[in-house]
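The block underneath contains the structure these notes are about, expressed in structure tokens.
Computed over heavy atoms, backbone and side chain alike; hydrogens, waters and symmetry mates excluded. Chain naming here is simple, since letters A, B, ... match the order of the sequence lines and numbering starts at 1 in each.
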There are 2 protein chains.
Amino acid sequence: MSLVEIYQCLCDPTRLRILHLLGQGELCVCHFQEILGEPQVKISKHLAYLRSHGLVESRKEANWVIYRLPAKRSRELTANLACLQDCAQEDPVFRKDAARRAKLSDKFSAESPICCAPKTKKTACCPTP
Amino acid sequence: MSLVEIYQCLCDPTRLRILHLLGQGELCVCHFQEILGEPQVKISKHLAYLRSHGLVESRKEANWVIYRLPAKRSRELTANLACLQDCAQEDPVFRKDAARRAKLSDKFSAESPICCAPKTKKTACCPTP
DNA sequence: CTTGCATATACCTATAAAGGTATATTCCTT
DNA sequence: AAGGAATATACCTTTATAGGTATATGCAAG
């Protein structure tokens, strides 16, 4: 994963929002949909792009796929992710994303430690698809 | 100049090398040619791209055009340029560029404070085009 | 005012990326 | 086993970018 490759991943607004959100912890695809307000295909493809370049990792959890920043990060990736978080602080779009994420967390954190593991299997992952 | 726009400027290897070099001070096009070993058109076009997005500024000096990082930089630009310099430290390509630049500086600093202003007009700007 | 040099631009081609629609895959539930 | 939900992929179209060749512009020296 070269430096240029990192920047190529960063040069799309949707991917930036995704990476910014992941800075606060893992998320499943359906929650990305809800927070970003973008269609599933779009998000799925950007996540695939990021994964193919090593900027995110994923794991399967029942019906859902949960994405996170890679456990091991290169010096360059670490530096740039930190820079992104820093820059995102003042941007209204990123702030709103974080706010929407916080609301979702309230809804789910009581029931489960991870975003998409409802206590009972009856509970849907994303209440408002 | 949005954050995404900055990353779009950063996602090309030649532009990265240009910006890295400018971190050490202004340079004219012909010195970019010499240091980067790339054709004039390529460099000129990347510089135009960077200028059109506000990542560099230029001024004319006799026959030459000298580029520099903008005097006023946004928070985002400042942060990302710093991050780039940091990441470039360990990369062999960037290091070689800096070394070549240093050689040129030796050659020119004795004669003139800026890269492309020979003491006498007879002196060519770039000895080995 | 013409020649030469440094730089920029126009134009073309190839490649890559983004976004959309439709469909496939996987896993759970019944 | 079948249906439904979450996610991924195939395929298409549009747009952007990169790089090349050829040419134009601006300036300086004579």
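To the nearest 0.5 Å, the span separating CD1 on Ile43(A) from NE2 on His31(A) amounts to 11.5 Å. Expressed to the nearest 0.5 Å, how far SG of Cys87(A) lies from CG of Leu3(B) amounts to 5.0 Å. Rounding to the nearest 0.5 Å places CG of Leu77(A) at 13.0 Å from NE2 of His53(A).
Of all the heavy atoms in Ala79(A) and Asp86(B), the pair that sits closest is CB-OD2, 4.3 Å.
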Could you pull out the protein-nucleic contacts involving nucleotides 9-16 of chain C (nitrogen or oxygen on both sides, under 3.5 Å)?
none

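When each of Lys60(A) and Ser58(B) is assigned the nucleotide of DNA chain C with its nearest heavy atom, Ser58(B) is the one assigned upstream, toward the 5' end.
In this structure Asp12(A) satisfies the side chain to side chain contact (heavy atoms under 4.5 Å, CB included) test together with Thr14(A), Arg15(A), His46(A), sequence neighbours excluded. Checked against side chain to side chain contact (heavy atoms under 4.5 Å, CB included), Thr78(B) has the following partners two or more places apart in sequence or in another chain: Arg73(B). With sequence neighbours left out, the salt bridge (Lys or Arg N to Asp or Glu O under 4.0 Å) criterion links Arg95(B) to no other residue.
Between the CD1 atom of Ile43(A) and the P atom of dG20(C) there is a distance of 11 Å, given to the nearest Å. Between the CG atom of Asn63(B) and the P atom of dA6(C) there is a distance of 7 Å, rounded to whole Å. For the pair His31(B) NE2 and dA6(C) C1', the computed distance is 12 Å after rounding to whole Å. Distance CG (Leu50(B)) to P (dT17(D)): 12 Å, rounded to an integer number of Å. One interatomic measurement links the two molecules: CD of Gln8(B) to P of dA18(C), which rounds to 10 Å at whole-angstrom precision. Between the CD atom of Gln33(B) and the C1' atom of dA8(C) there is a distance of 12 Å, rounded to whole Å. The nearest whole Å value for the distance from the NZ atom in Lys42(B) to the P atom in dT7(C) is 18 Å. Remark: P of dT21(C) and CD of Glu38(A) are 13 Å apart, rounded to the nearest angstrom.
Within 4.0 Å (heavy atoms only), Phe32(A) reaches no atom of the nucleic acid at all.
A 4.5 Å side-chain heavy-atom check between Val56(A) and Leu19(A) finds at least one atom pair inside the cut-off.
The ring pair (Phe, Tyr, Trp, His ring centres under 6.0 Å) analysis of residues 1-23 of chain A, with sequence neighbours excluded, yields the pairs His20(A)-Phe94(A).
Here His46(A) reaches the OP1 or OP2 of dG19(C): one of its side-chain N or O atoms lies under 4.0 Å away.
Less than 4.0 Å separates DNA chain C from at least one heavy atom of each of the following residues of residues 9-25 of chain A: Asp12(A), Arg15(A).
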